[in-house]
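Structure record follows, encoded as structure tokens.
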Amino acid sequence: LPTLTFNGSVKLHGTNSGVVKDPRTGEIWCQSREQIITPEKDNAGFARFISELPGRGIDTYFNIAAGAFGMNNIQPGELLCIYGEWCGQGIQKGVAISQIPKCFVIFGIKVYTPGEVTEDGQDGGTSRWFSPEMLTIVHNRYLIEIGEGILSDVNSTRIFSIQKFKTWTIDIDSAHPELIQNQLVELTDEVEKRCPVGDAFGVEGIGEGIVWRCVSDIAFNTHGLIFKVK
């Protein structure tokens, strides 16, 4: 069994939100974890937030992501999906980020190829995820596109990348995963005591935990290996 490298990012306590685009038709929609949402049938105001973004709005982000992935690599019928945490005041309680203005913190972008749903209800589609490095590249280009620059602490659109905040890198020996457990506990305790994302906004308080995504590029698709410690 291999030793795998994982990128860790702060787990945010908000509500899971996504925006999806069909690059061929231009159609864009918002979703919660379980359903399509609209400004009229919303989830904590996320769809309204997306609909009211200035300028070309979220389409700017999609265009940059498609360019980074390679538009020729996106086939008819495939979807471009942006996932993140919609968090801040009024969404959840008891954590540092519940004190900041509402914002959308992106933690994943993927190209999704629909597939048949199996008899037991499992999605048969496949996903090609952007690496953490690609997430950073896309977000930096977005900031430049909207005229705020990658070094600016100001973001009028209230869209951030989780990779902008504190991250960690660890190696896990798949044959002996127990060897990393103590380190995982220590890092999680650090985040619980003082949330790094809250810190970035000048707010003190507890954090929820860390999400770990495999970033090893080996023979089989490991980018779908994700776990969280909280």
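What you are looking at is a predicted structure, and each value in this text was computed from that prediction instead of being measured.
A donor-acceptor pair under 3.5 Å is formed between the side chain of Asp42 and the backbone N or O of Arg48. A side-chain donor-acceptor contact under 3.5 Å links Ser174 to the backbone of Pro2. In this structure, Gln92 contributes its side chain and Gly14 its backbone to a donor-acceptor pair below 3.5 Å. Judged purely by atom type and a 3.5 angstrom limit, Thr5 has no side-chain atom pairing as donor or acceptor with the backbone of Ser216. Here the side chain of Gln75 pairs a donor or acceptor atom with the backbone of Asn72 at under 3.5 angstrom. Looking at Glu85, its side chain never comes within 3.5 Å of a backbone N or O of His13 through a donor-acceptor pair. At least one donor-acceptor pair closer than 3.5 Å links the side chain of Asp22 to the backbone N or O of Arg24.
Ring geometry for Trp129 against Tyr83 counts as tilted: the plane angle lies between 30° and 60°, on a 0 to 90° scale.
Here Leu143 contributes atom CG and Ile64 contributes atom CD1; the two are 8.5 Å apart, rounded to the nearest 0.5 Å. Taking CG from Leu184 and CG from Leu179, the interatomic distance works out to 11.0 Å, rounded to the nearest 0.5 Å. Taken from CD1 in Ile91 to OG1 in Thr15, the straight-line distance is 7.0 Å, to the nearest 0.5 Å. In this structure, CD on Glu34 lies 10.0 Å from CG on Asn16, to the nearest 0.5 angstrom. Taking CZ of Phe69 as the reference point, atom CD1 of Ile109 lies at 11.0 Å (rounded to 0.5 Å). Lys21 NZ to Ile82 CD1: the interatomic distance, rounded to the nearest 0.5 Å, is 9.5 Å.
Between Glu78 and Arg128 a salt bridge is recorded (basic side-chain N to carboxylate O distance below 4.0 Å). At a threshold of 4.0 Å, the pair Arg141-Glu145 does not count as salt-bridged, since none of the basic side-chain nitrogens sits closer than that to a carboxylate oxygen. With salt bridges taken as basic N to acidic carboxylate O contacts below 4.0 Å, one links Glu204 and Arg194.
A heavy-atom distance below 4.5 Å is found between the side chains of Gln183 and Ile170. In this structure, the side chains of Glu148 and Asn155 come closer than 4.5 Å at one or more pairs of heavy atoms. Side-chain atoms of Ser17 and Cys30, non-hydrogen and from C-beta on, never get closer than 4.5 Å to each other. Contact annotation: the side chain of Phe6 never approaches that of Val215 to less than 4.5 Å [non-hydrogen atoms, C-beta and beyond]. When side chains are defined from C-beta on, His139 does not count as touching Thr136, because their heavy atoms never get closer than 4.5 Å. Residues Ile28 and Ile58 form a side-chain contact, since some pair of their non-hydrogen atoms from C-beta on lies under 4.5 Å apart.
Looking at residues two or more places apart in sequence or on another chain, you find no side chain to side chain donor-acceptor pair (under 3.5 Å) involving Gln99. The side-chain contact (heavy atoms from CB on, under 4.5 Å) test applied to Glu133 returns Ser131, not counting sequence neighbours.
Connection of Phe227 to Val185 is not established within any shared hydrophobic cluster, with ILVMFWY side chains joined at heavy-atom distances below 4.5 Å, either directly or through further cluster members. The cluster map of Ile, Leu, Val, Met, Phe, Trp and Tyr, joined by side-chain heavy atoms under 4.5 Å apart, puts Tyr142 and Ile137 in different clusters. Hydrophobic clustering of Ile, Leu, Val, Met, Phe, Trp and Tyr side chains at less than 4.5 Å, counting indirect connections, keeps Tyr61 apart from Leu79. Cluster annotation: Ile106 and Val20 are assigned to distinct hydrophobic clusters (Ile/Leu/Val/Met/Phe/Trp/Tyr, side-chain heavy-atom contacts under 4.5 Å, transitive). When the side chains of ILVMFWY residues are joined at heavy-atom separations under 4.5 Å, either directly or via intervening members, Ile146 and Leu135 end up in a single hydrophobic cluster.
For Phe49 and Phe104, the ring centers sit 6.0 Å or farther from each other.
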Please tabulate, one pair per line, all N/O donor-acceptor pairs under 3.5 Å involving side-chain atoms of residues 159-169, not counting sequence neighbours.
from: Ser161; atom 1: OG; to: Gln163; atom 2: N; distance (Å): 3.2
from: Gln163; atom 1: OE1; to: Asn7; atom 2: ND2; distance (Å): 3.4
from: Gln163; atom 1: NE2; to: Asn7; atom 2: OD1; distance (Å): 3.0

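Partner of Ile97 under the side-chain contact (heavy atoms from CB on, under 4.5 Å) criterion, chosen from Ile206, Val105, Leu12: Leu12.
Listed here is the closest heavy atom pair of Val19 and Phe62: O-CZ, 3.4 Å. Between Val10 and Cys195, the shortest heavy-atom distance links the atoms CG1-SG, 4.3 Å. Scanning all heavy atoms of the two residues, the minimum distance from Ile210 to Thr188 falls at CD1-N, 4.2 Å. Nearest heavy atom pair, residue Ser127 against residue Tyr112, reads OG-CD1, 3.7 Å. Heavy atoms only, all atoms of each residue included: Thr3 and Asp171 are closest at CG2-CB, 3.9 Å. The shortest heavy-atom contact between Pro196 and Val191 is CD-CG1, 4.1 Å.
Counting heavy-atom neighbours within 6.0 Å of Glu52 CD, excluding the residue itself, gives a total above 12.
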* To do: Tell me, with the steps shown, if Trp86 and Phe46 meet ring-ring contact (aromatic ring centres under 6.0 Å, His included).
  => CA-CA 7 Å; Trp86 177 233; Phe46 176 71; 5.6 Å; yes

